[in-house]
Amino acid sequence: MKRTEIKHALQMQESEIEINVKGWVRTKRGSKNVAFIALNDGSTIHNLQLVVDLEKIPESALANIHTGAAISAIGILVPSTGSGQKVELNVHQITLLGAASPDEYPLQPKKHSLEFLREKAHLRYRTNTFGAIARLRHAMTFAIHNFFNERGFYNIHSPIITGSDAEGAGEMFHVTTLNLENIPRTPEGKVDFKQDFFGKEANLTVSGQLEAELAALALSKVYTFGPTFRAENSNTSRHLAEFWMIEPEVAFFDITDDMDLAEEMLKYLIDYAIEQCPDDLAFLSKRQQDEEKNKKAEERSMELLEKLNFVRTQPFERISYTQAIDILRNSNYNKKGKFQYPIEKWGADLQSEHERYLVEKHFQKPVIITDYPREIKAFYMKQNDDGKTVRAMDVLFPGIGEIIGGSQREEEYEKLLNRIKEMDIPMESMWWYLETRKFGTVPHAGFGLGFERLMLFITGMGNIRDVIPFPRTPLNLEF
RNA sequence: UCCUCCUUAGCUCAGUUGGUUAGAGCAUCUGACUGUUAAUCAGAGGGUCGUUGGUUCAAGUCCAACAGGGGGAGCCA
């Protein structure tokens with residue numbers, strides 16, 4: 001008999017029909033005459049209640065059915081006589097597919113800490129929280145492709161392995177087939193990469209941006225959506241060594257077009273989550289509200305759906321770095337010395353506490369900061385005429401901080417070349433990037449959206465290790 | 001990498017100024033229960049108190065190192 005997914009079973013209008021469901025047992029409750037099994041198959045956060053009449057099915061058939069076991073059940077779908085659900089399955093045949101020893105199966109029908117579940121990452125998909133996150137992660141992936149496809153963007157597969165070591169976004173992981181026990185050396189004593197697989201030094205990419213720019217300068221509107229790798233020793237709830245990034249790149253776009261695109265995309269994605277995943281969001285909202293009860297009143301954040309709706313409907317505030325510095329310098333926080341790093345002079349990078357003040361206290365909505373000092377930004381950003389700033393833009397979100405970083409790119413060959421020299425970036429590996437500025441260069445812009453940071457915002461989770469199935473962080477590679 | 005906190009039963013935690021045999025709730029097992037909703041009720045089993053070393057008549061409790069984890073900072077997405 002063909003399997004019916006629980007998501008569909010729960011939505012069926014006709015009653016009194018025979019169906020076969022398969023899934024994993026969440027709880028089993030028994031009394032003398034009847035046993036109840038809550039079954040979940042991942043198709044939805046909701047369980048189907050199986051009702052087992054112990055006069056028809058011997059209790060011995062249920063003996064090895066415990067929390068975590070996989071079963072198949074055939075029965076008649078009927079309106080429920082209990083109050084917790086609309087329909088339930090009157091089971092007349094039940095088969096154990098895979099047992100889960102109650103002595104060893106670590107997940108119990110109770111609340112577990114996220115820290116505990118990180119150590120059981122191979123099983124945590126089976127919890128309501130991680131099931132909901134997995135479904136939302138899929139929905140957001142799909143929505144991103146949808147968003148760009150609807151607007152005529154082409155998806156570009158930028159390479160994972162790169163020969164460029166100057167993408168300017170952080171420390172890189174080496175890729176090599178050299179024998180690490182016996183590394184070949186040049187006469188000068190350096191590693192002889194000529195003997196390596198590619199005949200030169202290779203790394204995992206930190207960004208698909210440079211390749212996306214090449215594509216944009218031919219196809220006009222492109223985006224990448226792939227894994228990126230950073231070997232930074234970052235130990236925070238907002239950083240991963242392996243994370244997914246969305247990087248649109250558009251020819252003939254200036255910085256304002258770029259900001260418009262970023263804002264439209266983020267709002268589209270929030271819309272999509274609210275429309276397509278109401279049950280999972282409702283669960284995560286309730287989860288978050290339970291967590292909030294343990295916090296002090298002033299640390300509590302907005303309810304998840306309220307927060308999503310709020311961000312969806314508010315225009316993002318757009319200010320320049322210079323305006324941001326003025327606001328911060330004149331803020332009561334600064335005057336009362338509440339900042340750990342007081343605002344002193346123009347030119348310093350904004351600290352997390354400053355970004356949080358602007359987003360969460362001053363404007364109380366997402367903020368886009370533009371035109372940062374050139375000294376604190378990457379080499380490829382378009383230089384403004386003032387000689388001090390570049391056309392960069394960062395989108396800051398409440399509770400997350402920087403969710404998007406982008407810029408209009410420097411399209412003038414001489415200016416880009418000078419900047420590369422100023423910043424001591426090795427030019428040999430960048431010749432192909434520079435050539436795009438020699439042949440038919442045009443103004444263009446793009447940005448990078450951290451997919452897991454988006455997931456933090458959408459799910460209301462607090463730690464980035466919980467919105468990716470198998471997080472890669474320093475000293476952590478168990479799964 | 002820096003600062004800070006934590007590590008006691010399968011899980012979440014309590015454990016007094018260092019002092020007999022280390023506790024609770026949930027989970028598990030056994031029994032009871034005519035339909036439960038993370039069922040309920042009764043009983044049982046379950047611990048080298050993260051590891052190593054030190055102080056002390058005496059260490060879960062004090063000190064040190066190491067390991068693992070949380071929160072914050074930097075780097076950024």
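The chains referred to below are lettered A, B, ... by the order of the sequence lines, with proteins before strands, and numbering in each begins at 1.
Contact check on A:Glu410 versus A:Arg391 returns no salt bridge, with no Lys/Arg side-chain nitrogen under 4.0 Å from an Asp/Glu carboxylate oxygen. A salt bridge is absent between A:Glu171 and A:Arg230; no separation between the charged side-chain nitrogens and carboxylate oxygens falls under 4.0 Å. A:Arg453 and A:Glu402 are not joined by a salt bridge, as no carboxylate oxygen comes within less than 4.0 angstrom of a charged side-chain nitrogen. Taking the charged nitrogens against the carboxylate oxygens, A:Glu478 and A:Arg472 have no contact shorter than 4.0 Å, which rules out a salt bridge. A:Glu353 and A:Arg356 are not joined by a salt bridge, as no carboxylate oxygen comes within less than 4.0 angstrom of a charged side-chain nitrogen. Taking 4.0 Å as the cut-off between side-chain N and carboxylate O, A:Asp271 and A:Arg312 count as a salt-bridged pair. The existence of a salt bridge linking A:Lys377 and A:Asp394 is confirmed by a sub-4.0 Å separation between a basic side-chain nitrogen and an acidic carboxylate oxygen.
Counting any heavy atom pair closer than 4.0 Å across all strands shown, A:Ser113 reaches sugar-phosphate atoms only and no base atom. Counting any heavy atom pair closer than 4.0 Å across all strands shown, A:Arg26 reaches no nucleic acid atom. Here A:Ile403 lies in heavy-atom contact (under 4.0 Å) with sugar-phosphate atoms only. Among the protein residues, A:Thr27 comes within range of the sugar-phosphate backbone only, with heavy atoms under 4.0 Å from sugar or phosphate atoms but none that close to a base. Residue contacts shown for A:Gln49 include a base, since a base heavy atom lies under 4.0 Å away. Among the heavy atoms of the strands, none lies under 4.0 Å from A:Thr67. Within 4.0 Å of A:Pro102, counting heavy atoms only, lie sugar-phosphate atoms of the nucleic acid but no base atom. Among the protein residues, A:Phe229 comes within range of no part of the nucleic acid, since none of its heavy atoms lies under 4.0 Å from any strand. Contact annotation for A:Gly405: backbone-only contact, meaning every heavy-atom pair under 4.0 Å involves sugar-phosphate atoms and none involves a base. At the heavy-atom level, A:Gly401 lies nowhere under 4.0 Å from the strands shown. A:Thr228 comes within contact range of no nucleotide atom at all, as no heavy-atom separation falls under 4.0 Å. Among the protein residues, A:Gln85 comes within range of the nucleic acid bases, having at least one heavy atom under 4.0 Å from a base atom. Contact annotation for A:Asn233: base contact, defined as any heavy-atom pair under 4.0 Å involving a base atom.
With hydrogens and angles ignored, a donor-acceptor pair under 3.5 angstrom links the side chain of A:Glu88 to the base of B:rG35. You won't find any donor-acceptor pair under 3.5 Å spanning the side chain of A:Gln108 and the base of B:rU28, going by distance alone. The base of B:rC33 has none of its N or O atoms less than 3.5 Å from a complementary donor or acceptor on the side chain of A:Arg29. One can find a donor-acceptor pair under 3.5 Å joining the base of B:rC11 and the side-chain atoms of A:Lys110.
Counting to the nearest Å, the C1' atom of B:rG72 and the CZ atom of A:Arg238 are 9 Å from each other. Whole-Å rounding puts the A:Leu107 CG to B:rC26 C1' distance at 15 Å. We find that CD1 of A:Ile458 is positioned 16 Å from C1' of B:rA77, with the value rounded to whole Å. As rounded to whole Å, 13 Å separates atom C1' of B:rU28 from atom NZ of A:Lys28. Rounded to whole angstrom, the span from the CD atom of A:Glu232 across to the P atom of B:rA73 amounts to 17 Å. In this entry the distance linking CZ of A:Arg465 with C1' of B:rG72 reads 13 Å, nearest Å. Distance A:Asn463 CG to B:rG70 C1': 9 Å, rounded to the nearest Å. Between the CZ atom of A:Phe447 and the C1' atom of B:rC76 there is a distance of 17 Å, rounded to whole Å.
Taking atom P in both B:rG50 and B:rG45, one finds a spacing of 24 Å when rounded to whole Å. If you take atom C1' in B:rU34 and the same atom in B:rA24, they sit 33 Å apart, rounded to whole Å. Taking atom P in both B:rU55 and B:rU61, the straight-line distance is 15 Å, to the nearest Å. Nucleotides B:rA38 and B:rA22 are separated by 29 Å at their C1' atoms, to the nearest Å. One P atom belongs to B:rG15, the other to B:rU56, and the distance between them is 28 Å to the nearest Å. Separating the P atom of B:rG53 from that of B:rC29 is a span of 39 Å, rounded to the nearest Å. B:rG68 and B:rC62 have their P atoms separated by 23 Å, given to the nearest Å. For B:rG69 and B:rC76, the C1' atoms lie 24 Å apart once the distance is rounded to whole Å.
Listed pair A:Ser234 / B:rU1 fails the phosphate criterion, with no side-chain N or O lying under 4.0 Å from OP1 or OP2. Residue A:His66 places at least one side-chain N or O closer than 4.0 Å to OP1 or OP2 of B:rC29. Contact annotation: A:Thr236 side-chain N/O to B:rG72 OP1/OP2 distance is not under 4.0 Å. The side chain of A:Arg356 contributes an N or O atom lying less than 4.0 Å from OP1 or OP2 of B:rA73.
Closest to the side chain of A:Ile464, out of B:rA77, B:rC76, B:rU1, is B:rA77. When the nucleotides B:rC76, B:rA73, B:rG35 are ranked by their closest atom to the side chain of A:Gln351, B:rA73 comes out on top. In the set B:rA77, B:rA73, B:rC11, the nucleotide with an atom closest to the side chain of A:Arg453 is B:rA77. Relative to the side chain of A:Lys111, the nucleotides B:rG35, B:rU34, B:rA38 differ in distance, and B:rA38 lies closest. Minimum atom distance to the side chain of A:Ser80 is reached by B:rU36, of the listed B:rU12, B:rC76, B:rU36.
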Check: residues 112-123 of chain A side-chain donor-acceptor pairs under 3.5 Å, at least two apart:
{"residue": "A:His112", "atom": "NE2", "partner": "A:Gln108", "partner atom": "N", "Å": "2.9"}
{"residue": "A:Ser113", "atom": "OG", "partner": "A:Phe116", "partner atom": "N", "Å": "3.1"}
{"residue": "A:Arg118", "atom": "NE", "partner": "A:Asp466", "partner atom": "OD1", "Å": "2.8"}
{"residue": "A:Arg118", "atom": "NH2", "partner": "A:Asp466", "partner atom": "OD2", "Å": "2.7"}

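Where A:Gly84 and A:Trp244 meet RNA chain B, the nucleotide closest to each residue was compared, and A:Gly84 sits on the side nearer the 5' end. When the nearest nucleotides of RNA chain B are assigned to A:Gln340 and A:Glu115 by heavy-atom distance, the more 5′-ward of the two goes with A:Glu115.
If you look at A:Tyr105 and A:His66, their ring centroids are not closer than 6.0 Å. Checked against a 6.0 Å centroid threshold, the rings of A:Phe147 and A:Tyr272 do not count as neighbours.
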Quick one: the dot-bracket string of RNA chain B, using Watson-Crick and G-U wobble pairs with both distances under 3.5 Å, [ ] for crossing pairs and | for bases paired to another strand. (((((((..((((.....[...)))).(((((.......))))).....(((((..]....))))))))))))....

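Pairs passing the salt bridge (charged side-chain N to carboxylate O under 4.0 Å, His left out) check and including a residue from residues 253-265 of chain A, sequence neighbours excluded, read A:Arg151-A:Glu264, A:Asp260-A:Arg318, A:Glu263-A:Lys267, A:Glu263-A:Arg318.
Centre separation under 5.5 Å together with a plane angle under 30° holds for the ring of A:Phe243 and the six-membered base ring of B:rA77, marking them as stacked.
Just one of A:Leu50, A:Val78, A:Thr4, A:Val52 meets the side chain to side chain contact (heavy atoms under 4.5 Å, CB included) condition when paired with A:Leu89; it is A:Leu50.
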